[in-house]
Every structure is written in C-alpha cells, then in structure tokens.
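Numbering starts at 1 and runs along the sequence shown.
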Amino acid sequence: MKWAGGKRWLAAHIENFLPPTFNRYFEPFLGSAAVFFHLRPRVATLSDINEDLINAYAQVRDNPSMIVEGLSALRVNGRTYLHIRKHKPRSDIGRAIRFIYLNKTAFNGLYRVNRNGDFNVPFAGNQGRSVFDDAELRSAAKLLRRCQVLSRDFEVAFSEAQAGDLIYCDPPYTVRHNNNGFIRYNESLFSWGDQRRLAAAARKAVERGIHVLVSNAQHESIRRLYRGFRVENLSRASCMAGDPGRRGRTSEYLFIGNP
C-alpha cells in the first residue's frame with residue numbers, strides 16, 4: 001500500500017533499534033505495513049482504526065485470487081478512477097478491490113474523505129500503468145496468514161501485549177508545521193489527547209516488560225511525553241508536497257522503550 005507517512009524508508013534500518021529477541025509483534029497503526037513486511041515476524045497482530053484499510057489486508061490474506069481478478073479488470077484512466085471513486089461496493093471483497101485501486105491511483109496514495117464520508121482525492125494520472133504485482137500480492141497474502149488483522153483502537157493492542165512482546169507504533173502526524181502551530185495542525189489527524197494516551201500506554205507497557213518503539217514528530221512537546229525513553233533523531237526525504245521543488249528533508253523522532 002501507498003500511505004501518507006509510510007515507513008518504507010525506515011524499514012531497512014529499524015532492526016538497529018530492535019531487541020535481540022522478542023515474542024509476538026504488534027503494529028496498531030498499520031498504514032502501509034512496511035515495517036511488518038520487512039521484519040516478517042513469526043507471529044503478529046496488526047491493527048488500525050481505519051476499517052477499509054484493515055478489510056483490504058484481510059481480503060488480500062484470505063482471497064488473493066479474487067483480488068487479482070478484480071484489479072485485473074480495472075483500467076487506469078481518469079474515467080475509470082472517477083467511476084470507482086463514486087462506487088460503493090457492499091461486499092468485503094468489492095470494498096477491498098476498490099480500496100486498493102484508489103490507493104494505487106489517487107494522488108500520492110492519500111486517504112481522505114469529506115464530511116459525508118466520500119473519498120475525494122484526485123486522480124494521480126499515469127494512465128495505463130499496473131496497480132498491482134501478482135507475485136508481490138500473493139507473497140503478502142502468505143505473510144498475512146500468520147497474523148490477526150483487526151480494526152480497533154491502539155489501546156486494545158497494548159492491553160493484549162505481554163512481557164517479551166514488541167509493539168511498533170507509527171501514529172498519524174504531520175511534520176510540515178511551525179513550532180507554534182504543531183498541535184493545531186495535527187488535531188484533525190491524531191489529537192493531542194490521543195498523543196498523551198499513546199505515550200501513557202507506551203510507558204505502562206514498558207513497565208510490564210514489553211518492548212515499545214514509537215515513531216513521532218520531532219517536536220519538543222512530543223519529546224516531553226516520552227521522558228525516559230531512548231531517543232533517535234531520524235532524517236528522511238519528504239515526498240508529500242505536490243511540487244517536487246518544495247520537497248526537502250524532514251526529521252522525526254524514534255522513541256525506544258526497553259524493559
């Protein structure tokens with residue numbers, strides 16, 4: 001999946017920050033699942049509050065051939081895109097095919113809905129290109145069969161984890177802000193109350209013997225929430241600006257809590 005804030009750039013380096021061994025793997029802000037697909041843990045529980053995202057992963061896991069058949073029938077052009085964007089399938093498999101198609105053909109892979117819940121991201125262009133790779137999709141399905149894939153709040157995942165498990169969190173946040181506007185800019189993505197809930201859950205988990213990693217915005221207000229955690233400053237290229245000339249480098253925090 002393409003996903004705003006996805007951690008494909010981090011996946012290749014994250015092993016540098018992991019404990020030598022861990023039991024189960026939890027990822028409660030699944031998004032593009034880049035870290036999961038890189039680590040390929042033996043046992044995992046993957047979750048996200050976005051029901052359409054979770055349904056897409058579940059259908060890839062359970063019905064990969066139907067996903068391949070459905071996506072193969074869809075052309076990539078503006079007319080088809082607008083038709084699929086407007087369409088509201090009732091079946092889980094239909095919803096998954098729609099979600100993956102839009103994810104691969106919408107501008108920057110953004111997931112955005114209006115107040116009526118209608119997906120409203122414009123078409124990215126690149127007409128005629130493929131929206132999936134058959135071998136990659138079936139490989140993903142095989143890995144996902146090891147997992148529970150659930151739609152739920154992140155605190156539920158924390159409550160289920162036990163000593164020796166690993167939780168990796170990548171909550172929604174934007175790093176394109178000024179210092180004074182950080183909380184205001186992020187309120188619609190992941191509220192300050194949610195940030196405090198996450199930090200409290202992370203701290204309690206470490207006290208229970210659970211390894212916790214949290215990616216987050218590089219901002220002093222966030223750092224204060226994770227006092228006592230090891231802090232790594234990570235830099236990456238930004239790809240979210242519509243104009244490539246405005247894309248620069250951004251810095252983020254990785255908080256590491258070990259029992």
In Å, rounded to the nearest 0.5 Å, how long is the span from [atom1] of [X] to [atom2] of [Y]?
| X | Y | atom1 | atom2 | result |
| --- | --- | --- | --- | --- |
| Lys88 | Arg98 | NZ | CZ | 6.5 Å |
| Arg230 | Ile256 | CZ | CD1 | 4.0 Å |
| Met1 | Ile100 | CE | CD1 | 4.5 Å |
| Leu46 | Leu30 | CG | CG | 5.0 Å |
| Arg75 | His83 | CZ | NE2 | 13.5 Å |

Kindly indicate whether the side chain of Ile67, heavy atoms from C-beta on, has any atom under 4.5 Å from the side chain of Leu137.
yes

Mind checking whether Glu155 and Arg197 have side chains closer than 4.5 Å, heavy atoms only?
yes

Under the side chain to side chain contact (heavy atoms under 4.5 Å, CB included) rule, what do Leu234 and Trp9 come out as? Steps first, then yes or no, please.
CA-CA 10 Å; Leu234 305 178; Trp9 63 274; 4.0 Å; yes

Parallel, tilted or perpendicular: which one describes the rings of Phe229 and Phe255, with boundaries at 30° and 60°?
perpendicular

Please tell me whether Phe29 and Phe190 form a close aromatic pair, meaning their ring centres lie under 6.0 Å apart.
yes

Heavy-atom closest pair, residues Phe36 and Ala44
CE1-CB, 4.0 Å

Please report the shortest heavy-atom distance between Tyr226 and Ala202, naming the atom on each side.
CE2-CB, 4.2 Å

Taking [Y]'s backbone N and O only, do any of them form a donor-acceptor pair with [X]'s side chain (distance below 3.5 Å, no angle check)?
| X | Y | value |
| --- | --- | --- |
| Asn55 | Asp92 | yes |
| Arg146 | Pro41 | yes |
| Asn258 | His211 | no |
| Arg42 | Asn23 | no |

If we ignore angles and hydrogens, is there a donor and acceptor under 3.5 Å between the side chains of [X] and [Y]?
| X | Y | result |
| --- | --- | --- |
| Tyr25 | Glu27 | yes |
| Asn216 | Glu252 | no |
| Arg138 | Ser65 | yes |
| Glu232 | Asn16 | no |

With ring-ring contact (aromatic ring centres under 6.0 Å, His included) as the criterion, how do Tyr111 and Phe99 come out once you've worked through the C-alpha distance, each side chain's angles and the decisive distance to 0.1 Å?
CA-CA 9 Å; Tyr111 181 89; Phe99 186 91; 5.7 Å; yes

Using a strict threshold of under 4.0 Å (side-chain N to carboxylate O), is an ion pair present between Arg152 and Glu160?
yes

For a side chain to side chain contact (heavy atoms under 4.5 Å, CB included) check, start with the C-alpha distance between Asp118 and Asn120, then their side-chain angles and the critical distance, and finish with the verdict.
CA-CA 6 Å; Asp118 298 323; Asn120 63 357; 5.8 Å; no

Sole residue of Leu39, Val212, Leu10, Leu18 in side chain to side chain contact (heavy atoms under 4.5 Å, CB included) with Tyr168:
Leu10

Start with the C-alpha distance between Arg145 and Asp62, add both sets of side-chain angles, then the distance that settles salt bridge (Lys or Arg N to Asp or Glu O under 4.0 Å), and finish with yes or no.
CA-CA 8 Å; Arg145 291 189 193 112; Asp62 299 338; over 6 Å; no

